[in-house]
Amino acid sequence: HTLLPREAFSNLNFRVGDNSGPTKVRQVTNIMRLVSIPSICIIFLAKSFTEASIQKKVVNGFKRFAGTYREPETYNNLVIFTTDPNVSNHCDNMMEMVEALEDYLKIKVERVNVWRSQLNFKLFEKFDRRECNGLPLLVNRKTGARICGISTKQNLLNWATGKKTEFMPEMYPDDMDSPNEDDVPF
C-alpha cells in the first residue's frame, strides 16, 4: 500500500525501460515511510497527553462538585517533632518560641506529634538518625539543619533562616534568660 496518493508521484518522469524508475519510486516511498512513522508517533503521544490532561481536569471538576477534591499537598521545609501539650516542659517551651518565630518571620512551621501516631514516630526516627533520641526535634528539610531539645532564640532563628545551627546547644532551661537572648528580635 502507499502512504500518498498516486498524484504525488505524477511529477516524477521516468522513461519506459529505465531500470532506475521503480528503484526511484521505492526510495521515495521508503523516505515517506521514515518521515511519516515518527510524525505519527509524535501526533499520537501529543494526543494522549492532551486527552489525559483533559480527562484529569474533568475528573477534578467532578470531585470539586462532589466536595471530595483536595488540592495537591505541599510540604513545609520547617518541621518540629513534639508531643501533646503539658507532657514535656521542653516541648512546651520550644513550641512557645516557635510560635513567636512564626509571627516574627511570617512563616509556618509544621508540627508533627509523635505521641499519637506510629507513622509520625517512624518519620521522627528517620530524621533523628539515633542522634537526639528525644523531643523536641526541629528539622529544616531544605538545609538539613536540626536542633535537638531546647535551644536559644538565636539558634532557632538561625535554623529557620538557613544559617549555621547548633544541633545540641550546651544550655539548660535556666540559661533561657541569658543577656544575649534579649538581642533576638522575637
Side-chain angles (χ1 to χ4, degrees), residues 45 48-186:
L45 289 174
S48 298
F49 287 129
T50 305
E51 287 175 358
S53 175
I54 291 171
Q55 193 175 33
K56 187 175 181 181
K57 288 178 183 178
V58 169
V59 169
N60 287 343
F62 282 126
K63 286 182 177 179
R64 278 191 178 99
F65 180 75
T68 59
Y69 178 76
R70 289 185 355 180
E71 289 292 331
E73 292 184 22
T74 58
Y75 66 90
N76 196 336
N77 287 326
L78 304 175
V79 180
I80 180 169
F81 291 94
T82 186
T83 64
D84 287 339
N86 302 322
V87 172
S88 164
N89 288 337
H90 292 308
C91 288
D92 293 341
N93 290 340
M94 286 302 289
M95 286 302 295
E96 289 176 16
M97 289 173 50
V98 165
E99 288 170 4
L101 178 76
E102 287 176 326
D103 290 340
Y104 175 69
L105 293 178
K106 307 291 187 234
I107 59 169
K108 184 73 177 154
V109 177
E110 184 178 341
R111 290 147 175 81
V112 179
N113 188 332
V114 299
W115 192 260
R116 305 235 176 227
S117 167
Q118 185 70 25
L119 185 64
N120 289 348
F121 184 74
K122 288 185 183 286
L123 187 63
F124 162 76
E125 286 179 327
K126 176 185 171 194
F127 284 107
D128 180 38
R129 294 180 256 165
R130 296 183 182 203
E131 293 175 355
C132 180
N133 296 321
L135 295 173
L137 175 68
L138 293 94
V139 179
N140 185 331
R141 290 191 242 195
K142 187 174 183 180
T143 64
R146 297 176 302 147
I147 298 175
C148 176
I150 197 160
S151 183
T152 62
K153 289 181 179 180
Q154 185 62 51
N155 198 37
L156 189 64
L157 184 62
N158 291 347
W159 167 78
T161 56
K163 296 178 182 166
K164 187 173 190 295
T165 306
E166 293 182 49
F167 176 62
M168 291 182 94
E170 296 292 328
M171 66 166 296
Y172 297 94
D174 296 337
D175 296 338
M176 294 300 293
D177 298 325
S178 63
N180 61 355
E181 284 295 292
D182 294 333
D183 298 337
V184 181
F186 67 94

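We count residues from 1, following the sequence as given.
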What's the shortest heavy-atom distance between P185 and Y104, and which atoms?
CG-OH, 3.1 Å
For the atom pair CE (M94) and CG (L137), what is the distance rounded to the nearest 0.5 Å?
10.0 Å
I'd like to know if the side chain of K153 and the backbone of F186 have a donor-acceptor N/O pair within less than 3.5 Å.
yes
Distance in Å, T152 OG1 paired with N158 CG, rounded so as to fall on 0.5 Å steps:
7.5 Å
Is there a donor-acceptor pair closer than 3.5 Å between any side-chain N or O of E166 and the backbone N or O of N155?
no
Assess, by modelled atom type and distance only, whether the side chains of N113 and D84 contain a donor and an acceptor separated by less than 3.5 Å.
yes
Any chance you could measure F121, atom CZ, to K126, atom NZ, to the nearest 0.5 Å?
15.0 Å
Set of residues satisfying side chain to side chain donor-acceptor pair (under 3.5 Å) with respect to D92, sequence neighbours excluded
none
Which pair of non-hydrogen atoms, one from V109 and one from N76, has the smallest distance, and what is that distance?
N-ND2, 3.7 Å
Taking atom SG of C91 and atom CG of L135, what is their separation to the nearest 0.5 Å?
5.0 Å
In the structure I gave you, are the side-chain heavy atoms of V112 and F124 within less than 4.5 Å of one another anywhere?
no
Given the rule in the side chain to side chain contact (heavy atoms under 4.5 Å, CB included) test, do M95 and R111 qualify, once you have shown the distances and angles that lead to the verdict?
CA-CA 9 Å; M95 286 302 295; R111 290 147 175 81; 2.9 Å; yes
Note: D128 and R146 closest approach over all heavy atoms is O-NH1, 3.0 Å
If you look at every heavy atom in S151 and M97, which pair is closest and at what distance?
O-CE, 3.3 Å
Nearest 0.5 angstrom please: L157 CG to L105 CG, how far?
6.0 Å
Sub-3.5 Å donor-acceptor pair from the side chain of N140 to the main-chain atoms of W159, do we have one?
yes
Tell me whether R116 at atom CZ has more than 12 heavy atoms from other residues, nucleotides or ligands lying less than 6.0 Å away.
no
So how far is it from T165 OG1 to Q154 CD, rounded to the nearest 0.5 Å?
10.0 Å
Locate the shortest heavy-atom distance separating L138 from G149; write the atom from each residue and the value.
CD1-O, 4.3 Å
With sequence neighbours excluded, tell me which residues meet salt bridge (Lys or Arg N to Asp or Glu O under 4.0 Å) with E125.
none
Please enumerate all residues that pass side chain to side chain contact (heavy atoms under 4.5 Å, CB included) together with R130, with sequence neighbours excluded.
N133
